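The structure under discussion appears below in the form of structure tokens.
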Protein chains: 2
Amino acid sequence: MPITPFYQRIADEIRERIKSGDLRPGDKLPSTSELCTRYGVSTQVIRSVMLTLRAEGLVEGHQGRGVYVRDQGVTG
Amino acid sequence: MPITPFYQRIADEIRERIKSGDLRPGDKLPSTSELCTRYGVSTQVIRSVMLTLRAEGLVEGHQGRGVYVRDQGVTG
DNA sequence: CCACATTTGTCCGTATGTATC
DNA sequence: AGATACATACGGACAAATGTG
């Protein structure tokens with residue numbers, strides 16, 4: 001049984017929080033440094049998480065503001 | 001007008017090649033080091049490209065073998 | 001089965017740019 | 001002007017799977 005890498009576990013957790021409604025559209029995710037501290041990983045791992053979640057259309061990042069949960073099922 | 005980052009340009013190019021049929025399901029993409037040399041970027045950039053393309057379901061990587069174009073529209 | 005090269009996967013540390021507050 | 005915060009990129013290191021000889 002393969003071990004799950006950090007970036008995937010974190011992505012899974014955030015994805016589940018979004019799908020379960022714990023995190024709703026418009027909600028702001030914790031900052032990158034906050035997530036780094038919380039999970040004990042580097043910024044690269046968090047970047048991988050956000051890259052994945054963005055590609056899936058679940059979140060969108062804004063420089064200087066933060067990363068926000070998108071309205072699910074909305075592409076524009 | 002924003003400049004397009006490397007990882008996004010490379011991802012766009014590969015994505016277009018897949019959607020246009022230039023790269024077909026089952027085709028093997030060039031190796032990571034090959035792409036690094038070709039585009040003059042680091043492995044991290046290529047990793048970001050593959051992470052994005054994988055999240056989009058366009059390709060799938062296999063350790064020791066390579067990255068292959070997936071049958072589009074097939075989830076399993 | 002073992003040794004080796006190849007290739008993808010994962011992670012760390014650091015630096016710089018740009019946008020927001 | 002400064003602090004905060006996301007975005008991009010480089011370099012280095014090690015693990016795991018595969019194919020070849």
Side-chain angles (χ1 to χ4, degrees), chain A residues 1-18 23-71 74-76, chain B residues 1-18 23-71 74-76:
Chain A
M1 201 179 86
I3 60 165
T4 309
F6 289 143
Y7 85 95
Q8 206 172 102
R9 284 190 41 192
I10 300 171
D12 286 348
E13 184 174 316
I14 296 176
R15 193 184 298 112
E16 281 311 307
R17 284 191 183 179
I18 293 175
L23 283 171
R24 294 180 302 175
D27 280 358
K28 185 180 174 299
L29 266 55
S31 71
T32 301
S33 57
E34 174 75 21
L35 292 172
C36 285
T37 304
R38 180 184 304 186
Y39 292 103
V41 296
S42 72
T43 61
Q44 288 294 346
V45 172
I46 302 301
R47 169 167 167 74
S48 293
V49 171
M50 296 311 169
L51 213 56
T52 302
L53 262 33
R54 277 198 315 193
E56 294 174 1
L58 273 69
V59 303
E60 60 185 358
H62 297 280
Q63 274 187 343
R65 291 226 310 274
V67 179
Y68 296 84
V69 178
R70 288 185 56 182
D71 201 350
V74 173
T75 50
Chain B
M1 197 180 82
I3 60 164
T4 310
F6 289 143
Y7 86 95
Q8 206 172 99
R9 285 189 40 192
I10 300 172
D12 286 347
E13 182 174 319
I14 296 177
R15 194 183 298 109
E16 282 310 309
R17 285 191 181 177
I18 292 175
L23 283 172
R24 295 180 301 175
D27 280 359
K28 185 180 173 299
L29 266 57
S31 74
T32 301
S33 57
E34 174 74 22
L35 292 172
C36 286
T37 303
R38 179 184 305 185
Y39 292 103
V41 295
S42 71
T43 60
Q44 288 294 345
V45 172
I46 302 301
R47 169 166 167 73
S48 294
V49 171
M50 296 311 169
L51 209 56
T52 301
L53 262 35
R54 275 197 316 192
E56 293 174 2
L58 271 67
V59 303
E60 61 184 356
H62 297 279
Q63 274 187 344
R65 294 226 309 274
V67 179
Y68 296 83
V69 179
R70 288 185 56 182
D71 201 349
V74 172
T75 50

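This one's a predicted model, so the numbers in the text were calculated from it and none came from an experiment. Note on naming: letters A, B, ... go to the chains in the order of the sequence lines (proteins, then strands), and numbering restarts at 1 for each one.
Applying the side-chain contact (heavy atoms from CB on, under 4.5 Å) criterion to A/Arg24, with sequence neighbours excluded, gives A/Asp27. Every residue meeting the side-chain contact (heavy atoms from CB on, under 4.5 Å) condition with B/Glu60, not counting sequence neighbours, appears here in chain and number order: B/His62, B/Arg70. A search for side chain to side chain donor-acceptor pair (under 3.5 Å) contacts involving B/Arg38 returns nothing, not counting sequence neighbours. Remark: A/Val67 pairs with A/Leu29, A/Met50, A/Val59 by the side-chain contact (heavy atoms from CB on, under 4.5 Å) rule, at least two apart or across chains. Partners of A/Ser31 according to the side-chain contact (heavy atoms from CB on, under 4.5 Å) rule, which considers only residues two or more places apart in sequence or in another chain, are A/Ser33, A/Glu34.
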Report the C-alpha separation of A/Leu53 and A/Ile14 in whole Å, then their side-chain angles, then the decisive distance to 0.1 Å, and conclude whether the side-chain contact (heavy atoms from CB on, under 4.5 Å) test is met. CA-CA 9 Å; A/Leu53 262 33; A/Ile14 296 176; 3.6 Å; yes
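Once you apply a 4.0 Å limit to the heavy atoms of chain A, the touched nucleotides of DNA chain D run 5' to 3' over D/dA5 to D/dC10.
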Which donor-acceptor pairs under 3.5 Å do side chains of residues 40-48 of chain A form with protein atoms, sequence neighbours excluded?
{"residue": "A/Ser42", "atom": "OG", "partner": "A/Gln44", "partner atom": "N", "Å": "3.4"}
{"residue": "A/Ser48", "atom": "OG", "partner": "A/Gln44", "partner atom": "O", "Å": "3.1"}

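Separating the CD1 atom of A/Ile10 from the C1' atom of C/dC11 is a distance of 11 Å, rounded to the nearest angstrom.
Shown here for A/Val49 and A/Tyr7, the closest heavy-atom pair between the two residues is CG2-O, 3.3 Å.
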What N/O pairs connect the protein and nucleotides 1-3 of chain C at under 3.5 Å? Give each pair on its own line.
none

Enumerate all atom pairs, one protein N or O and one N or O from nucleotides 7-9 of chain C, separated by less than 3.5 Å.
{"residue": "C/dT7", "atom": "O2", "partner": "B/Gly64", "partner atom": "N", "Å": "3.1"}
{"residue": "C/dT8", "atom": "OP1", "partner": "B/Thr32", "partner atom": "N", "Å": "3.4"}
{"residue": "C/dT8", "atom": "OP2", "partner": "B/Thr32", "partner atom": "N", "Å": "2.7"}
{"residue": "C/dT8", "atom": "OP2", "partner": "B/Thr32", "partner atom": "OG1", "Å": "2.9"}
{"residue": "C/dG9", "atom": "OP1", "partner": "B/Arg54", "partner atom": "NH1", "Å": "3.0"}
{"residue": "C/dG9", "atom": "O4'", "partner": "B/Gln63", "partner atom": "NE2", "Å": "2.9"}

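Within 6.0 Å of the OH atom in A/Tyr39, the count of heavy atoms belonging to other residues, nucleotides or ligands exceeds 12.
Residues in residues 3-15 of chain B take part in these salt bridge (charged side-chain N to carboxylate O under 4.0 Å, His left out) pairs, two or more places apart or across chains: B/Asp12-B/Arg15, B/Glu13-B/Arg17, B/Arg15-B/Glu56.
Contact check of residues 35-44 of chain B against DNA chain D (heavy atom, cut-off under 4.0 Å) returns B/Gly40, B/Val41, B/Ser42, B/Gln44.
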